[in-house]
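One-based numbering, in listed order, for ligands and for the atoms of each.
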Amino acid sequence: MNSFDIQFHNGQFHLFSSKVSYICELHKDAWLLHRYWDPRLTAYHGANCPEPVKRTFAAAADPEEPAFSLEMEPQEFSCPHQGDYRESSLALRRQDGWPAGRFRYQGYEITEGLYAPEDLPHIRPLDGKGAKTLSIRLRDEASGAMLTLRYSVLEDSAAIVRSAEITNEGTGPIWVERAFSALLDMPYDGEELVTFHGTHQKEFQMDRRLIGHGTISFGSTRGASGPQYPPFAALCAPEAAEHSGEVRALQLIYSGNHCVRVERDQYDHLRLTTGIHPEGFSWKLEPGERFQTPEAVLVYSGQGFNGMSQVFHQLYTERLFPRQWAGRTRPILLNSWEMCYFDVSEEKLLPVIREAAALGFELVVLDDGWFGHRNNSKSSLGDWTVNREKFPNGLTPLLDCARENGIQLGIWFESEMISPDSDLMRAHPDWAARFPDDAPLLGRNQLVLDLTRREVQDYVLDTLSGFLRTYPVSYVKWDMNRHMTDPGSASLPPDRTGEFFHRYMLGLYRILHELTARFPEILFENCSSGGGRFDPGMSFYMPQTWCSDNTDALDRQSIQYGASYMFPPSAISAHVSAVPNHQTGRMIPFETRAALASSANMGYELNILDLSPEEREQVREHLALYKEERDLILGGAFYRLRSPFDGNLCAWMLVDRKREKAILYAFAASYDVSCLSAVLKIPYLDQKKLYVERNTGRRFSGEELRYAGLAVRFPQGDFPAIKIVLQAETMS
Ligand code: GLA
């Protein structure tokens, strides 16, 4: 048997890798039913198939088989009005106003590689090897709508990638009113639901709850994936924890409106479905046209949440983030924001660049405030020309200074926006998204550009490309600081107004695709007031994301802990900032701030010109040490050990792929006199190896660290952090 494959036998589709099996089955060559999504099976004989039972109120899908009702069957997709009264995943309407959705099986195809939907971010096919894709076609005769469900399986991965496509093969237009990417049915077995919620400066806060009867629904209608409920959900066994237990998770590769619905029905079936949020969405398909949903990534783990995260981390590192950054060193950057805010200038930045280089920084980022006549958030978005009062000689002196000092320069853009007070707005008042009869609402004093329009996309592309050719910076921070209201475009006809949100995303993705292809050497960092749009869609174009505007090293523990459920440290930017912290006023010791940022993609944003000689030395040493450890931090495996959502402590570790060196960080929110020591079990080292603790020279076996655990004692004082480095002893 191959290590991964898709087989079709006796009406059963079986996708498997070494880690996972996914099985669905045809009933009477017409209906597609779900059977299994769990650890790899070598054979499946339908042991878990429910016996059809005739129930009052249940509609028979097949007149010849009265007990067969879609209400009771586990499915792969679901349309309303077909007898399945649970959450549907697809809703279509014909031109005459009638719903359409009686889909019956037509055929299938198995192809090598991944599908890679055009125009949307996706799991990358790479060279077409190591993956296979199953496409199952179903058709609604009455409307001529064809539904293609796609499933991909990847070698050695416990991830399955799903998406759906609707093609209008009929003679009149069809409106797609709901098109989810994946639907999964399973018997309820006491599962709990893990999700994240958040807000500006407090992203990725975890929730774990029991699943009662009814539907739990969450998502975003903000025009961005949003910090409120990022696109992620995990069902887990009640006993599942970081190191053990079954977890089934999904994430959408999309950055716009999305939703997750979890329904436990009256028969204790559990349905999990996700896709583009249906609110305000509809899409007109003319005959011959197609609608492709974003991809959803489904991950099964039998090794708890860390097992799940390893699957996401590996998949995203190998097949989602831009290839040119795979395994490549990320520069340690110094960002001007918390140092200068809008008050940037050549005069201020030149000494900063010189000092940054002397301290060991590798890149200085000129954040907001450098363009138009921008001195606060009230103007100039859209006018991407250098402010000559602040930079009389343009940005060339900064670039020259950076080059002479052996470091790089980066810059900030917020290109999806338009300020009412901007030359762009004066020239193109209709380029702001709006409804025709309402004045559009402001957010952070700005409006959203109508990226559904090709000419607006081209403006952004041309202006930025022109700028980047004039000023060859090495890094771009791509920001997006408001959510959408007034999702309207002067260019959309009345029967297409429901297409705004998704067309906006397609426009944005086109810009990002073009720009990153034109400037492959530029490192793009994703930002939306921090982690307001931190999702796999943006991560397809930008390998790292400014994870939160909150740089407080206590608050950051839960933010980074939460983000690590899906994203590896290389994707999570974390900066050391000044004290008292600008967001919280906390005074957190340097060691803790450094430890926190050093657990991820590390940078700084504080005034390095204000440092005392001792602080300067501290920073210099920290940067040098991070450079030594960077390959392990950004290329190794990251495991969570103790959750800040469960109490006073937070701990995690990084270990290289050979399990020879591990760095463990433990943080306490406050010093607790009753906590003599915390014992951390570390099940992620090589049990056969002996590890030496760098600071004390103590020796422990991997086995002992796994089963007995390591006692860590926090020093007195507020917000302590401990760093422990374990090095495998070389066998003599
Ligand atoms: C957002 C970003 C910050 C900074 C400001 C500039 O809030 O998250 O890091 O770039 O915008 O206005």
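- At the top of the distance list for atom 1 (C) of ligand 1, counting protein heavy atoms only, stands Asp479 OD2, 3.0 Å.
- In terms of protein heavy atoms, atom 12 (O) of ligand 1 is closest to Asp368 OD2, 2.6 Å.
- Under the 4.0 angstrom criterion for non-hydrogen atoms, Lys477 is in contact with ligand 1.
- Side-chain contact check for His277 and Tyr254: no donor-acceptor pair (N or O, by modelled atom type) lies under 3.5 Å.
- Interface atoms of ligand 1 facing Gly530, defined by a heavy-atom separation under 4.0 Å, are 8 (O).
- Remark: the Arg388 side chain and the Thr385 side chain contain no N/O donor-acceptor pair separated by less than 3.5 Å.
- More than 12 heavy atoms of other residues, nucleotides or ligands sit less than 6.0 Å from atom CD of Glu455.
- At least one heavy atom of Arg444 sits closer than 4.0 Å to an atom of ligand 1.
- For ligand 1, one of its N or O atoms has an N or O atom of Asp549 under 3.5 Å away.
- Defined by atom type and a distance below 3.5 Å, a donor-acceptor pair is missing between the side-chain atoms of Ser599 and Gln560.
- Test Phe371, Tyr475, Trp337 against Trp412 for side-chain contact (heavy atoms from CB on, under 4.5 Å) and you get one pass: Phe371.
- When only non-hydrogen protein atoms are considered, atom 4 (C) of ligand 1 lies nearest to Asp367 OD1, 3.4 Å.
- Atom CG of Leu623 and atom OG of Ser598 lie 9.0 Å apart (nearest 0.5 Å).
- When non-hydrogen atoms are compared, ligand 1 lies under 4.0 Å from the side chain of Asn481 (C-beta onward) but not from its backbone.
- Checking each of Asp479, Leu508, Leu449, Ile511 against Glu416 for a side-chain contact (heavy atoms from CB on, under 4.5 Å) leaves exactly one that passes, namely Leu508.
- When only interatomic distances are considered, the shortest N/O to N/O separation between Arg374 and ligand 1 does not fall below 3.5 Å.
- Residue-ligand proximity, Cys527 to ligand 1, at heavy-atom distances under 4.0 Å covers atoms 2 (C), 8 (O).
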